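Worth saying up front: this structure is predicted, and the values here are computed from it rather than measured. In what follows, chains are A, B, ... by sequence order, proteins preceding strands, each numbered from 1.
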Number of protein chains: 2
Amino acid sequence: MGTKERRQREFEDREKVFLDCARDLIRDEGLLNLQMSRIAEKSEYAVGTLYKHFASKEDLLLALAAVDTEKHVSMFQRATQWKASPRDRMVAIAVADMIFVRRNPDFFRLGQYVFTEVVWKAASPERRQAMLAASDPIADVVVGIVNDAVAAGELELRDMSAEEICTGLWALSAGTHNLVHAEGVLEDFNVRDPYRLMCRHTQVMLNGYGWHPLVDVSDGAALDALIKRICNEVFDDLCSE
Amino acid sequence: MGTKERRQREFEDREKVFLDCARDLIRDEGLLNLQMSRIAEKSEYAVGTLYKHFASKEDLLLALAAVDTEKHVSMFQRATQWKASPRDRMVAIAVADMIFVRRNPDFFRLGQYVFTEVVWKAASPERRQAMLAASDPIADVVVGIVNDAVAAGELELRDMSAEEICTGLWALSAGTHNLVHAEGVLEDFNVRDPYRLMCRHTQVMLNGYGWHPLVDVSDGAALDALIKRICNEVFDDLCSE
DNA sequence: TATGTGCCGTGAATCTTATTCACGAATTGT
DNA sequence: ACAATTCGTGAATAAGATTCACGGCACATA
């Protein structure tokens with residue numbers, strides 16, 4: 001009797017339904033106005049059922065962020081598998097980030113919110129664990145590229161570890177997301193395309209680490225060409241503009 | 001009759017009392033458990049009085065963050081006024097950030113929270129404006145250092161603007177704060193002293209921009225010496241450890 | 001088919017907190 | 001001294017997250 005299994009499957013499917021409804025509501029009405037009762041209403045289940053799946057509202061938000069993170073990770077994995085030099089693959093990571101954020105405009109806001117002390121601590125330990133597990137592969141992927149560069153003789157670590165180099169690049173990316181979403185900052189700075197700028201800053205850092213082949217960071221045309229090449233060769237299906 | 005003025009002063013003093021109580025409560029019980037009624041209780045005023053000062057709880061949090069930001073800015077200003085090369089002064093900005101965050105461990109969490117869509121939009125427009133005004137000088141200060149370097153012939157902008165360079169350094173700093181507070185990431189990476197690492201990454205980026213005099217970023221001793229010198233010469237009173 | 005058992009969805013009731021506002025005390029003006 | 005005004009008060013209200021006693025449904029057994 002596969003009844004138990006069917007029930008199990010139905011339960012899992014329902015979780016997806018709830019998350020999809022929540023995502024739609026956030027898109028349409030904003031994170032600010034998200035209400036548990038509205039998610040229940042939209043998904044045509046009772047509030048109590050919703051709470052069978054998520055320990056709290058914060059728990060649901062964390063689950064939602066974890067789903068996004070999985071998509072994010074899969075883009076990074078495509079970047080690593082690209083047949084190109086380690087340095088170009090590292091830039092491809094930045095480009096992946098750029099494309100992902102453009103295609104998922106709510107991702108950063110949600111991520112920013114769930115990593116907040118208030119929300120993080122209000123979620124269940126299991127969800128927190130799942131969130132961390134979902135983002136784990138990011139580190140592996142990026143550290144892998146650094147190690148490839150070292151193996152290829154294109155980068156000398158000297159007294160830094162591969163992880164420390166990754167921390168710098170990761171901070172650059174995380175910080176760029178911050179600034180993009182911080183009211184007014186980039187407008188004041190007259191920055192038109194912050195993610196292109198992030199790619200350029202990535203090149204600046206890679207040069208700073210002495211990561212060969214060095215590039216001329218002031219050559220905007222070369223940067224645009226590389227970004228375009230990455231879009232075509234790695235993220236063909238995702239770059240429509 | 002200076003009565004009006006006295007009233008006015010009392011009102012302003014009370015605002016400070018509320019903010020101090022809120023800060024203490026956050027320190028002792030966490031942002032998660034902050035309640036308006038507890039702030040009122042602790043400050044020995046009625047809840048209604050609290051609401052005479054702050055349009056909402058979020059409004060109060062933003063006011064609190066603005067106070068911190070002013071302290072933050074004043075440290076940056078000390079860094080700029082230091083008699084040293086533009087490059088060293090730029091590193092001093094990073095060191096200021098490091099010292100400030102260590103002395104105000106709740107600052108980042110609060111800042112992260114208030115810049116969240118949910119909180120930001122729930123605060124009054126006046127507070128938002130005040131918050132932006134408080135952080136405004138940061139940009140001026142940092143752009144000023146870049147311009148000094150250009151004027152001294154130590155940095156060529158080529159096709160980048162001073163603001164764009166600042167964006168990179170700012171992102172690095174903001175991102176480092178993120179990673180420090182993101183559960184588990186730096187532990188996994190075995191990063192012991194993330195802010196020292198941030199200073200090093202700052203040097204990496206400055207080298208990447210071709211900002212003279214170039215430094216050997218793998219020379220940890222030189223980095224520590226510079227940090228120590230900045231602590232002694234610029235932030236003497238704040239570096240006790 | 002009739003009946004017993006346990007699982008699971010339900011949503012009205014509860015609880016927690018932010019927020020309001022009618023009141024009265026205190027102060028000012030005449 | 002009295003009216004007018006300002007300002008603090010905290011009980012009442014409102015909004016929304018969370019709970020849990022109930023009942024229906026599927027399966028097991030006779």
Side-chain angles (χ1 to χ4, degrees), chain A residues 1-18 21-22 25-26 29-64 113-114 116 118-124 126-127, chain B residues 1-18 21-22 25-26 29-64 113-114 116 118-124 126-127:
Chain A
M1 241 150 297
T3 310
K4 201 143 214 167
E5 285 69 19
R6 179 175 54 74
R7 286 295 189 93
Q8 178 65 21
R9 211 170 337 110
E10 282 173 5
F11 188 86
E12 282 164 14
D13 290 349
R14 201 165 55 209
E15 179 141 330
K16 197 176 166 326
V17 170
F18 284 139
C21 287
L25 283 171
I26 290 173
E29 303 176 11
L31 192 50
L32 187 62
N33 301 309
L34 186 70
Q35 284 173 227
M36 293 302 265
S37 56
R38 307 258 320 174
I39 299 173
E41 189 185 353
K42 182 158 180 142
S43 57
E44 301 182 312
Y45 283 98
V47 188
T49 310
L50 186 51
Y51 275 89
K52 288 273 194 286
H53 290 260
F54 306 101
S56 65
K57 182 178 176 177
E58 288 78 11
D59 207 49
L60 181 147
L61 291 175
L62 208 49
L64 204 52
Y113 190 52
V114 299
T116 268
V118 173
V119 178
W120 185 260
K121 290 192 176 170
S124 69
E126 294 73 30
R127 291 285 174 198
Chain B
M1 243 155 292
T3 310
K4 201 143 214 166
E5 285 69 19
R6 179 176 54 75
R7 286 294 190 94
Q8 178 64 22
R9 211 173 335 111
E10 282 173 4
F11 189 86
E12 281 163 15
D13 290 348
R14 202 165 54 209
E15 179 142 330
K16 197 177 168 324
V17 170
F18 284 139
C21 286
L25 284 170
I26 290 173
E29 303 176 11
L31 192 52
L32 186 61
N33 301 310
L34 187 70
Q35 286 173 227
M36 294 302 265
S37 57
R38 305 271 331 245
I39 299 173
E41 189 184 353
K42 181 156 181 146
S43 55
E44 301 182 312
Y45 284 97
V47 188
T49 310
L50 187 50
Y51 276 89
K52 288 275 194 286
H53 290 260
F54 307 100
S56 65
K57 183 178 176 179
E58 288 77 10
D59 207 49
L60 181 146
L61 291 175
L62 209 49
L64 205 52
Y113 191 51
V114 300
T116 268
V118 173
V119 177
W120 185 260
K121 290 193 176 169
S124 69
E126 294 73 30
R127 290 285 175 199

(request) Specify the separation, in whole Å, of atom CD1 of A/Ile39 and atom P of D/dG16. (result) 13 Å
(request) Examine C/dG9: is either OP1 or OP2 under 4.0 Å from a nitrogen or oxygen in the side chain of A/Arg14? Give yes or no. (result) yes
(message) For a 4.5 angstrom cut-off between non-hydrogen side-chain atoms, does B/Phe54 reach B/Leu61?
(response) no
(request) Give the rounded distance in Å between these two atoms: NZ of A/Lys52 and P of D/dT19. (result) 11 Å
(message) Without decimals, in angstroms, what is the distance between A/Leu61 CG and D/dA17 P?
(response) 10 Å
(message) Distance check needed: D/dT9 P versus B/Glu44 CD, whole Å only.
(response) 10 Å
(message) If you define the side chain from C-beta out and look only at heavy atoms, does anything of A/Glu10 sit under 4.5 Å from A/Arg14?
(response) no
(request) Determine whether A/Val114 and A/Leu64 make a side-chain contact, defined as any pair of heavy atoms from C-beta on separated by less than 4.5 Å. (result) no
(message) Between P on C/dC21 and CG on B/Leu50, what's the gap in Å once rounded to a whole number?
(response) 17 Å
(message) Measure CD/A/Glu41 against P/D/dG16 and give the value in whole Å, please.
(response) 13 Å
(request) Taking all non-hydrogen atoms of both residues into account, name the closest pair between B/Ser56 and B/Ala123 and its distance. (result) OG-CA, 4.4 Å
(request) Check A/Arg9, A/Arg127, A/Lys52 against A/Glu15 for a salt bridge (charged side-chain N to carboxylate O under 4.0 Å, His left out) and give me the one that passes. (result) A/Arg127
(message) If you only use heavy atoms from C-beta on, which nucleotide in D/dT18, C/dT19, C/dT10 is closest to the side chain of A/Ser56?
(response) D/dT18
Dump the pairs, protein N or O against N or O of nucleotides 10-14 of chain D, anything under 3.5 Å, distances to one decimal.
unit_1, atom_1, unit_2, atom_2, d
D/dG10, N7, B/Gly48, N, 3.3
D/dG10, O6, B/Gly48, N, 3.4

(request) Measure the distance from OH on A/Tyr51 to P on D/dA17 and round it to the nearest whole Å. (result) 6 Å
(request) Calculate the interatomic distance between A/Leu31 atom CG and D/dG16 atom C1'; express it in whole Å. (result) 15 Å
(request) Among the candidates C/dA18, C/dG9, D/dT19, find the nucleotide nearest to the side-chain atoms of B/Met36. (result) C/dA18
(request) List in chain and number order the residues that pass side-chain contact (heavy atoms from CB on, under 4.5 Å) with A/Glu29, two or more places apart in sequence or in another chain; answer none if no residue qualifies. (result) A/Leu25, A/Asn33, A/Arg38
If you restrict it to nitrogen or oxygen atoms, what contacts under 3.5 Å exist between nucleotides 13-16 of chain C and the protein, and what is each distance?
none

(request) Please examine the side chains of B/Leu60 and B/Ile39, heavy atoms only from C-beta on, and report whether any two atoms are closer than 4.5 Å. (result) yes
(request) Looking only at non-hydrogen atoms, find the nearest pair between A/Ala22 and A/Leu34 and report the distance. (result) O-CD1, 4.1 Å
(message) Around atom CD of A/Glu44, are there more than 12 heavy atoms from other residues, nucleotides or ligands closer than 6.0 Å?
(response) no
